[in-house]
Amino acid sequence: MKRIHLFEIEDQDWCPRVLRDAATDYLRFVSLTTKPYAAIVPILASALQRAGKGQIVDLCSGAAGPWSWLQPALAVMGLHVSVCLTDKYPNLAVSEEFNRGTNPAIRYHPQSVEAAQVPRELRGFRTMFTAFHHFAPQKASAVLADAVRQGEGIAVFEATERSLLGLLLMLLAPLMVLVMTPFIRPFHWSRLLWTYLIPLVPMVLLVDAVVSCLRTYSLAELAELTGKIGAEDYQWEIGSRKNNRAPLRVTYLIGIPKP
């Protein structure tokens, strides 16, 4: 299936914050509930050990993605990391939640951060979960090149898959939103309004879920991206890992400066 770079609604400047935050809150809830990235914890832990990094800068964090459970999971393995969450459109409610000290090891950078132009003061190993497909090839290369230019390791993980099965599963998104929304915390009346009375959230998530599958990079395409930036002093690792908790494989790309 050929990669098609359509646009996702929540990426757009004109997308209302209330809809974007409702969508990212839902994605965070799904991540906490299903843990689609459980299979790659050892892979990320190994990358962090080889890079010798204890500080992580997470890009395109949305509502924090998997980090609420992933940071403690790494701690159980003996890796005590601190995480700085960032996003082009920061989820302010989630930012306030983490910055109140819910987990002192995780904080949310309140200012907008472009993944291809990370401020130099934000130092640390870069991660990205279910977000790399948002970038067209030229911009995706720029995201990797920015990490290389600043001498930081980077790891991107995708739980979506460009396949018929992936697309079929995404068609279930509206039903899952309707079922799960009452359990999402913190509670917001606006979320109920835009989910049940005016069902824009289910529709936005359906469109964005299908587009995400169509935009997901294959292993060969990821290898092509790393080749374009000419970073011979980096070790690149590209692969996929089956998660027993989910029907789709998790794709990953990891780049670490050579010793």
Side-chain angles (χ1 to χ4, degrees), residues 8-12 15-41 58 60-73 83 85 87 89-98 100 102-103 106 108 128-131 133-134 157-161 163-216 242-251:
E8 293 184 40
I9 295 173
E10 63 177 284
D11 286 350
Q12 308 308 307
C15 179
R17 178 177 292 277
V18 66
L19 293 182
R20 183 184 294 112
D21 287 353
T24 56
D25 285 344
Y26 164 78
L27 294 173
R28 178 192 181 190
F29 181 80
V30 170
S31 178
L32 292 172
T33 305
T34 65
K35 293 184 172 58
Y37 290 108
I40 58 83
V41 174
D58 189 63
C60 306
S61 302
W67 278 110
S68 294
W69 66 264
L70 182 53
Q71 191 276 336
V83 183
L85 305 169
D87 200 276
Y89 304 105
N91 186 313
L92 298 182
V94 174
S95 172
E96 292 174 1
E97 173 192 340
F98 279 101
R100 280 197 303 266
T102 306
N103 181 342
I106 305 176
Y108 204 124
M128 190 181 294
F129 292 88
T130 319
H133 63 266
H134 289 242
F157 302 96
E158 293 280 8
T160 54
E161 185 178 283
S163 66
L164 179 58
L165 175 59
L167 287 172
L168 290 175
L169 290 173
M170 294 305 105
L171 295 178
L172 298 175
L175 177 60
M176 293 178 64
V177 174
L178 294 175
V179 171
M180 294 182 176
T181 291
F183 304 100
I184 298 175
R185 296 294 182 271
F187 175 83
H188 295 294
W189 285 108
S190 62
R191 188 184 297 125
L192 299 185
L193 168 66
W194 296 109
T195 299
Y196 298 108
L197 296 181
I198 307 174
L200 286 181
V201 174
M203 292 301 99
V204 167
L205 282 164
L206 172 62
V207 171
D208 285 3
V210 170
V211 171
S212 292
C213 284
L214 295 175
R215 296 203 296 184
T216 301
K242 183 69 174 70
N243 185 355
N244 293 331
R245 302 173 64 106
L248 302 179
R249 300 182 70 87
V250 174
T251 302

Answer with yes or no after comparing the ring centroid distance for Y196 and W194 against a 6.0 Å cut-off, counting only values under it.
no
Is it true that a side-chain atom of [X] and a backbone atom of [Y] form a donor plus acceptor pair closer than 3.5 Å?
| X | Y | answer |
| --- | --- | --- |
| D87 | S61 | yes |
| Y108 | E96 | no |
| Y26 | M176 | no |
| D208 | E10 | yes |

Of all heavy-atom pairs between [X] and [Y], which one has the smallest distance, and what is that distance?
| X | Y | answer |
| --- | --- | --- |
| G62 | T24 | CA-CG2, 4.0 Å |
| I184 | R191 | O-NH1, 3.5 Å |
| A64 | V94 | CB-CG1, 4.3 Å |
| P199 | M203 | O-CG, 3.3 Å |
| M128 | A131 | CG-CB, 3.5 Å |
| R20 | Q12 | NH2-O, 2.7 Å |

Nearest 0.5 Å, please: how far is [atom2] in [Y] from [atom1] in [X]?
| X | Y | atom1 | atom2 | result |
| --- | --- | --- | --- | --- |
| R215 | H134 | CZ | NE2 | 6.0 Å |
| I40 | K242 | CD1 | NZ | 14.5 Å |
| Q71 | L85 | CD | CG | 10.5 Å |
| E97 | N91 | CD | CG | 9.0 Å |
| C60 | H133 | SG | NE2 | 9.5 Å |

Using side-chain heavy atoms (C-beta onward) and a distance below 4.5 Å, is [X] in contact with [Y]?
| X | Y | result |
| --- | --- | --- |
| V250 | E158 | no |
| L192 | L197 | no |
| T130 | L27 | no |
| E8 | C15 | no |
| L167 | L214 | yes |
| L70 | W67 | yes |

V177: which of L205, V204, L172 passes side chain to side chain contact (heavy atoms under 4.5 Å, CB included):
L205
Is the closest side-chain donor-acceptor distance between T160 and S212 under 3.5 Å?
no
What verdict does the side chain to side chain contact (heavy atoms under 4.5 Å, CB included) test give for R17 and L92, after you've listed the backbone C-alpha separation in whole Å, the side-chain angles of each residue and the deciding distance to 0.1 Å?
CA-CA 10 Å; R17 178 177 292 277; L92 298 182; 3.8 Å; yes
Using the six-membered ring wherever Trp is involved, compare the ring planes of F157 and F129 and label them parallel, tilted or perpendicular (cut-offs 30° and 60°).
parallel
